[in-house]
**Student:** 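Provided herewith is a single structure, encoded as structure tokens, for subsequent inquiry.
Throughout, protein chains are lettered first and strands after them, A, B, ... in sequence-line order, and every chain is numbered starting at 1.
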There are 2 protein chains.
Amino acid sequence: MNKINRKLEYALIGLKHMRAKAPGELTSVKELASAYGVPFDAASRVMQVLAQKGVLISEQGAHGGYMIGRDLARLSYAELSEILLGKVAIARCIGDSADEGACEMRGSCNIVTPVQMLNRKINEFYRGLSVAELLGVPSSKKKREPEMPQQNFEAEAEA
Amino acid sequence: MNKINRKLEYALIGLKHMRAKAPGELTSVKELASAYGVPFDAASRVMQVLAQKGVLISEQGAHGGYMIGRDLARLSYAELSEILLGKVAIARCIGDSADEGACEMRGSCNIVTPVQMLNRKINEFYRGLSVAELLGVPSSKKKREPEMPQQNFEAEAEA
DNA sequence: GTTAAATACGATCTTTTTTGTCGTATTTGA
DNA sequence: TCAAATACGACAAAAAAGATCGTATTTAAC
Ligand code: FES
Ligand code: FES
């Protein structure tokens, strides 16, 4: 999907929070819950999934918690979104059947090409946008310019 | 919202269908239903809304139907989406309270700026993309290059 | 070792959103 | 007058999203 729902929101909140900490310092879900009012259980599951995928590193036990496990400058927003919500898809008829595959509708749909094209545009944009950029680079670090890809919309549409 | 749901899908299907017809020629919802398998009632309501907004022109009575009422090259995808789904918003916390206004979450949310920024980017892209372009320009007509706006993401983020 | 605090994870329930359907009125050409 | 179409409001069904519960496991501190 394409939208920032709760899962993605909790993920971004958590990542932004953890990014501000010293390397190695852990953040518990309880901490997130009390600081931002996010529901404990729901946020907890999000962190678990992120930890499974290596975005976070989890430390169990008494003083456990999570810390950032990957360079956020190398984690695209597309990737993060896919981890939590599945393939970025602007319409339900896209995405499930293999990568950028076929549409489902009964048989005759006259807007398959346009929809796929729009979906590809959004995808490319999300793929070129790192989570670090999205959250705002904290100190220095090189700045990029995440933008929609520059090809001609029409030309691509007939490919 | 941000996604191509049924309403938007029916709208695009209808518009693409009507665009292929001679000027003044009408299209009934029944015709759309049988040609594309879209549910009559749902599609009908979509066309009614589009007619209210001037995107379509409706002709009542026995041989009535709809025809395109506005130059699709001057109708942005953003506008179409807003007519049917309300303000383009990548997250629920954006859009309802006035234009690009405040977020709702309890009080403390640390990702308001990033989310608003991402939302603005998507908005600008949708606003620069005409429905004519999206559906694929049929004959000739000047071609544009709808792309995400070119400003620096970071620079804007601090504005 | 026992306890407390934290993650891990499955299952379920509730709420919200989306989608479709029904009923009825109105228009208009034949 | 009838048939075919749009016009709309209200409701129902289905799907998705979100939150919660229950229980197990890990680990530091006492
Ligand atoms: S069914 Fe995929 S665009 Fe219509
Ligand atoms: S509440 Fe709007 S971004 Fe968090």
**Student:** From the set C/dA8, C/dT19, D/dA28, return the single nucleotide nearest to any side-chain atom of A/H63.
**Tutor:**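 Closest of the options to the side chain of A/H63: D/dA28.
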**Student:** Starting at atom NZ of A/K3, determine the distance to atom P of D/dA16, rounded to an integer number of angstrom.
**Tutor:**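 Value for this atom pair: 12 Å.
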**Student:** Would you call A/R127-A/E82 a salt bridge at under 4.0 Å N-O?
**Tutor:**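 Result for this pair is yes, salt bridge flagged.
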**Student:** With respect to the phosphate group of D/dA4, does any side-chain polar atom (N or O) of B/S28 fall under 4.0 Å of OP1 or OP2?
**Tutor:**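 Checking D/dA4 against B/S28, no side-chain N or O comes under 4.0 Å of OP1 or OP2.
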**Student:** With a 4.5 Å cut-off on side-chain heavy atoms, are B/E133 and B/Y77 touching?
**Tutor:**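 When only atoms from C-beta onward are counted, B/E133 and B/Y77 do not touch, as no gap falls below 4.5 Å.
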**Student:** Are any of B/Y10's side-chain N or O atoms less than 4.0 Å away from OP1 or OP2 of C/dG20?
**Tutor:**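 For B/Y10, the contact criterion (side-chain N or O under 4.0 Å from OP1 or OP2 of C/dG20) is met.
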**Student:** Can A/R74 and A/E79 be counted as an ion pair, charged N to O under 4.0 angstrom?
**Tutor:**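 Not counted as a salt bridge, because no side-chain N and carboxylate O are separated by less than 4.0 Å.
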**Student:** Between B/I57 and B/I68, is any pair of side-chain heavy atoms under 4.5 Å apart?
**Tutor:**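 No, every pair of side-chain atoms sits at 4.5 Å or beyond.
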**Student:** So if I take every side-chain heavy atom of B/N5 and compare against C/dT19, D/dA19, D/dC8, which nucleotide ends up nearest?
**Tutor:**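 The nucleotide sitting nearest to the side chain is C/dT19.
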**Student:** A/Y66 side chain: which of C/dC9, D/dC8, C/dT7 is closest?
**Tutor:**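 Shortest atom-to-atom distance from the side chain points to C/dT7.
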**Student:** Hey, does the side chain of B/K30 come within less than 4.0 Å of D/dA5's phosphate (OP1/OP2), counting only N and O?
**Tutor:**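 So the side chain of B/K30 is within the cut-off, an N or O lying under 4.0 Å from OP1 or OP2 of D/dA5.
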**Student:** Specify the separation, in whole Å, of atom CG of B/L56 and atom P of D/dT6.
**Tutor:**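 Atom-to-atom, B/L56 to D/dT6, this comes out as 11 Å.
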**Student:** Select base, sugar-phosphate, or nothing to describe what A/E31 touches, counting heavy atoms under 4.0 Å on all strands.
**Tutor:**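 No contact at all - A/E31 keeps every heavy atom at 4.0 Å or more from the nucleic acid.
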**Student:** Quick check: are there more than 12 heavy atoms from other residues, nucleotides or ligands sitting under 6.0 Å from NZ of B/K7?
**Tutor:**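 12 or below, so no.
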**Student:** Tell me whether the side-chain N/O atoms of A/S44 come closer than 4.0 Å to OP1 or OP2 in C/dA8.
**Tutor:**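 Indeed not, no polar side-chain atom of A/S44 lies that close.
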**Student:** A/L32 has an atom CG; how far is it from atom P of C/dA6, in whole Å?
**Tutor:**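 So the CG-P distance, A/L32 to C/dA6, works out to 12 Å.
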**Student:** Can you sort out the partners of A/Y66 under ring-ring contact (aromatic ring centres under 6.0 Å, His included), two or more places apart, ordered by chain and number?
**Tutor:**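 Here no residue qualifies.
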**Student:** In Å, rounded to the nearest 0.5 Å, how long is the span from CD of A/Q48 to NZ of A/K53?
**Tutor:**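 Between A/Q48 CD and A/K53 NZ, I get 14.0 Å after rounding to 0.5 Å.
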**Student:** Using the side-chain contact (heavy atoms from CB on, under 4.5 Å) rule, pick out the option among B/I83, B/V46, B/L85 that qualifies with B/L8.
**Tutor:**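 Of the listed residues B/I83, B/V46, B/L85, the side-chain contact (heavy atoms from CB on, under 4.5 Å) partner of B/L8 is B/L85.
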**Student:** Distance check needed: C/dA8 P versus A/E59 CD, whole Å only.
**Tutor:**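 Distance, rounded to whole Å: 10 Å.
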**Student:** Do any N or O atoms of the protein come closer than 3.5 Å to N or O atoms of nucleotides 21-27 of chain C, and which pairs are they?
**Tutor:**
residue: C/dT27; atom: O4'; partner: B/Q60; partner atom: OE1; Å: 3.4
residue: C/dT27; atom: O3'; partner: B/Q60; partner atom: OE1; Å: 3.4
residue: C/dT27; atom: O2; partner: B/G61; partner atom: N; Å: 3.3

**Student:** Return the angle between end axes of the helix from C/dG1-D/dC30 to C/dA30-D/dT1, with five pairs used per end and rounding to 10°.
**Tutor:**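 Answer for the end axes of this duplex: 0°.
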**Student:** In whole Å, I'd like the distance from the NZ atom of A/K7 to the P atom of D/dA19.
**Tutor:**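 Whole-Å distance recorded here is 11 Å.
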**Student:** Between the side chains of A/Q116 and A/T113, does any donor sit under 3.5 Å from an acceptor?
**Tutor:**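 The answer is no; no qualifying pair exists.
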**Student:** Whole Å only: how far is the CD atom of B/E9 from the C1' atom of C/dT19?
**Tutor:**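 Answer to the nearest Å: 12 Å.
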